[in-house]
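Here the structure is a predicted model, which means the values were calculated and not measured.
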Amino acid sequence: MNKEKILKAGEIAKQVKEYARTIVKKDVPLLEIAEKIEEKIIELGGKPAFPVNLSIDNIAAHYTPPHHDETKASGLIKIDLGVHVNGYLADTAFSMDLENSAQNKKLIEASKQALENAEKTLKTNISANKIGKVIQETIEAHNFSPVINLSGHEMKKYELHAGITIPNVDDNRETPLEKGLYAIEPFATNGSGRVHDGKPSGIYILTNPKNVRSPIGREVLVFIIEEYKTLPFCSRWLVKKFGTKALFGLKQLEDNGNLHHFPQLTETSGVKISQAEHTFLVEDKITTTT
Ligand SMILES: [Co+2]
């Protein structure tokens, strides 16, 4: 573990988050917001650890604008961004209300407060379900539900979701949080508290680097291995590099079993979801990196 690089990734994420707050406004195209956030990460000396997620209302996660997207910012929007410095990660998220809704604001407050209470409870070797319990109790005290099938996660070099998961409820699993890097991410909702797989997100991760026959598939694969390694990436990034033929290459790689294609994660329509997230370095003492 390289503490210096972990802290640098966290510091960049913190600054980009402040920047994001100034550019996310109602009716601004998500494409413009995503590009600006990702450019800012690079400008500050990091790389995006995954495509910035800009998920609105009942979409909990995994919405990143495709290259031709026309969606505009609205409603209850979650901005989830990741930074890496040579594979050392920071993962952080916040929510904004773009329709002046009292309920959105309450939902945002519930996940934010749950994260703050989790942070206060955090110590070396605490069991993961104790953190989940604090998150659950805080969100329920706001009369909302935590999203129970999304969770925080351990992170390792070039591995966004590694090892231990940190639930958003008390799942009775007493896994101790040993020294390491963790993201805690409570989601609060006025819905059922369970998300399901939605449409394909255009966000992928390399699962098997085996050879592929198609020349464009191979070209894209070589680039993915070199540029993203085992971190998530999106079709928008590849269209920027190769033009729209990249989409054909991605299809070949998906069919050949090289990639996992993430679905959007959604609740039923009409339901709202908020999120807050920080990265924590757990040593003898705890450092919030983002
Ligand atoms: Co995360």
Side-chain angles (χ1 to χ4, degrees), residues 10 13-14 17 20-21 50 52-63 75-82 89-97 103-123 126-155 160-161 163-173 175 177 180-196 264-267 271-282 286-290:
K14 212 185 281 184
K17 194 150 67 162
R21 281 189 191 283
F50 52 85
V52 61
N53 285 210
L54 300 167
S55 309
I56 295 174
D57 292 342
N58 65 311
I59 304 178
H62 295 172
Y63 188 94
L76 201 177
I77 186 166
K78 278 84 56 196
I79 296 99
D80 189 346
L81 62 99
L89 298 162
D91 185 359
T92 191
F94 65 101
S95 304
M96 287 173 79
D97 164 41
Q103 187 180 55
N104 289 354
K105 288 185 172 69
K106 283 181 199 159
L107 277 162
I108 291 170
E109 186 54 34
S111 52
K112 194 173 159 226
Q113 194 70 57
L115 180 61
E116 283 172 20
N117 289 347
E119 183 171 1
K120 282 179 209 153
T121 318
L122 197 56
K123 56 176 194 276
I126 188 174
S127 44
N129 68 310
K130 288 226 174 76
I131 300 168
K133 185 172 175 353
V134 167
I135 291 171
Q136 176 175 14
E137 284 172 355
T138 308
I139 292 173
E140 285 176 356
H142 284 79
N143 292 315
F144 296 122
S145 300
V147 174
I148 66 169
N149 57 341
L150 291 176
S151 36
H153 47 97
E154 191 175 354
M155 290 177 279
L160 188 61
H161 289 241
I164 293 172
T165 59
I166 302 174
N168 286 323
V169 288
D170 181 359
D171 64 357
N172 294 314
R173 272 187 237 163
T175 319
L177 247 62
L181 191 66
Y182 299 90
I184 300 181
E185 47 183 322
F187 290 80
T189 178
N190 60 346
S192 69
R194 201 173 263 283
V195 291
H196 55 263
Q264 293 174 17
L265 297 171
T266 66
E267 264 257 23
V271 161
K272 305 270 190 163
I273 301 171
S274 73
Q275 177 197 17
E277 180 177 21
H278 272 310
T279 295
F280 301 91
L281 181 60
V282 176
I286 310 295
T287 311
T288 308
T289 74
T290 57

Can you check whether [Y]'s main-chain N or O pairs, donor with acceptor, with [X]'s side chain at less than 3.5 Å?
| X | Y | result |
| --- | --- | --- |
| K17 | I79 | no |
| T279 | A90 | no |
| Q136 | V169 | no |
| H153 | L160 | yes |
| S95 | K78 | no |
| E267 | S192 | yes |
| N53 | S55 | no |
| N190 | K272 | yes |

Identify the two heavy atoms, one from [X] and one from [Y], that lie closest to each other, and give their separation to 0.1 Å.
| X | Y | answer |
| --- | --- | --- |
| T92 | E277 | OG1-O, 2.8 Å |
| T121 | I126 | O-CD1, 3.2 Å |
| P186 | I139 | CB-CD1, 4.2 Å |
| N168 | S151 | ND2-CA, 4.1 Å |
| I166 | A128 | CG2-O, 4.2 Å |
| I108 | D97 | CD1-N, 3.5 Å |

Exercise. Determine, stepwise, if the pair I148 / R194 fulfils side-chain contact (heavy atoms from CB on, under 4.5 Å).
Key: CA-CA 6 Å; I148 66 169; R194 201 173 263 283; 3.3 Å; yes
Rounded to the nearest 0.5 Å, what separates atom [atom1] in [X] from atom [atom2] in [Y]?
| X | Y | atom1 | atom2 | value |
| --- | --- | --- | --- | --- |
| L107 | T189 | CG | OG1 | 6.5 Å |
| L115 | F94 | CG | CZ | 13.5 Å |
| E109 | T138 | CD | OG1 | 11.0 Å |
| D91 | M155 | CG | CE | 5.5 Å |
| M96 | N104 | CE | CG | 12.0 Å |
| Y63 | I56 | OH | CD1 | 7.5 Å |

Contact check, side chains of [X] and [Y], non-hydrogen atoms, under 4.5 Å:
| X | Y | result |
| --- | --- | --- |
| L177 | I131 | yes |
| E185 | S111 | no |
| D57 | L76 | yes |

Quiz item: Do I273 and V195 pass the side-chain contact (heavy atoms from CB on, under 4.5 Å) test, and can you show the C-alpha distance, the side-chain angles, and the key distance before you say yes or no?
Solution: CA-CA 10 Å; I273 301 171; V195 291; 4.1 Å; yes
Exercise. Check the pair S127, N129 against side-chain hydrogen bond (donor to acceptor under 3.5 Å, both in side chains), reporting the backbone distance first and the verdict last.
Key: CA-CA 6 Å; S127 44; N129 68 310; 3.2 Å; yes
Exercise. Using a cut-off of 6.0 Å, state whether more than 12 heavy atoms not belonging to K130 lie near its atom NZ.
Key: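 Check fails, neighbour count at 12 or below.
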Quiz item: Quick check: are there more than 12 heavy atoms from other residues, nucleotides or ligands sitting under 6.0 Å from NZ of K133?
Solution: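 Check fails, neighbour count at 12 or below.
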Quiz item: Only one of T288, V134, I286, N117 clears side-chain contact (heavy atoms from CB on, under 4.5 Å) with L122; which?
Solution: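 Of T288, V134, I286, N117, side-chain contact (heavy atoms from CB on, under 4.5 Å) with L122 is met by I286 alone.
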